[in-house]
Amino acid sequence: MILLAHILIALTSIAATTYAFMRPGRTVLYGSYGLFSATLATGTYLVINGSSHILQTCLVGLFYTVGVGVGLIATQRKLAAQSTKIKE
């Protein structure tokens with residue numbers, strides 16, 4: 001059950017990060033942060049409980065973390081640039 005929740009949270013996180021990049025906003029960005037954190041928390045739980053193979057889990061988790069992390073950083077920069085334009 002937790003594995004299914006973990007997969008759904010991760011996929012929703014990827015979709016939310018993509019949406020946040022296309023249409024930046026603080027609310028969407030904070031929601032993406034929350035989903036990212038939830039994915040890391042459930043993934044850690046799965047690894048600690050031994051529900052999955054550690055090597056495969058770490059590789060997939062690393063790709064997910066890098067991909068979503070880059071997306072969140074790019075979204076934050078894009079939002080900051082838009083905020084600067086409005087102030088000028």
Side-chain angles (χ1 to χ4, degrees):
M1 184 68 178
I2 190 77
L3 180 61
L4 180 61
H6 174 71
I7 292 168
L8 289 175
I9 293 169
L11 292 174
T12 304
S13 173
I14 292 168
T17 301
T18 303
Y19 178 77
F21 182 75
M22 297 299 177
R23 300 187 58 103
R26 285 187 184 265
T27 306
V28 179
L29 186 61
Y30 291 151
S32 294
Y33 285 148
L35 289 168
F36 181 72
S37 299
T39 303
L40 291 178
T42 57
T44 302
Y45 176 80
L46 288 170
V47 169
I48 289 172
N49 283 337
S51 301
S52 58
H53 301 288
I54 189 77
L55 181 61
Q56 181 182 5
T57 302
C58 287
L59 286 176
V60 172
L62 179 64
F63 290 137
Y64 166 81
T65 302
V66 168
V68 173
V70 167
L72 290 172
I73 291 168
T75 301
Q76 190 173 15
R77 288 184 177 184
K78 193 173 183 181
L79 189 60
Q82 285 180 353
S83 170
T84 304
K85 280 185 180 179
I86 292 172
K87 289 180 182 179
E88 291 178 352

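- Residues Phe36 and Val28 do not share a hydrophobic cluster, defined by chaining ILVMFWY side chains whose heavy atoms lie under 4.5 Å apart.
- At a threshold of 4.5 Å between side-chain heavy atoms, the hydrophobic network of Ile, Leu, Val, Met, Phe, Trp and Tyr places Leu79 and Leu35 in two separate groups.
- Between the CE atom in Met22 and the OG1 atom in Thr75 there is a gap of 9.0 Å [rounded to 0.5 Å].
- Take Leu8 and apply the side chain to side chain contact (heavy atoms under 4.5 Å, CB included) test, not counting sequence neighbours, and it matches Leu4.
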Could you list the donor-acceptor pairs under 3.5 angstrom formed between side-chain atoms of residues 59-70 and any protein atom two or more places apart in sequence or on another chain?
residue : atom : partner : partner atom : Å
Tyr64   : OH   : Ser13   : OG           : 2.7
Tyr64   : OH   : Thr39   : OG1          : 3.3
Thr65   : OG1  : Gly61   : O            : 2.7

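- A continuous path of Ile, Leu, Val, Met, Phe, Trp and Tyr side chains, each step under 4.5 Å between heavy atoms, connects Leu11 with Leu46, placing both in one hydrophobic cluster.
- Here the CZ-CD distance, from Arg26 to Gln76, works out to 9.0 Å after rounding to the nearest 0.5 Å.
- Note: Thr12 OG1 to Ile7 CD1 = 11.5 Å, rounded to the nearest 0.5 Å.
- For Thr42, the side chain to side chain donor-acceptor pair (under 3.5 Å) partners at least two apart in sequence or on another chain are His6.
- Put simply, Tyr30 and Leu72 are part of the same group of oily side chains (I, L, V, M, F, W, Y) that touch within less than 4.5 Å, one to the next.
- One finds the OG1 atom of Thr17 at 9.5 Å from the OH atom of Tyr33 (value rounded to the nearest 0.5 Å).
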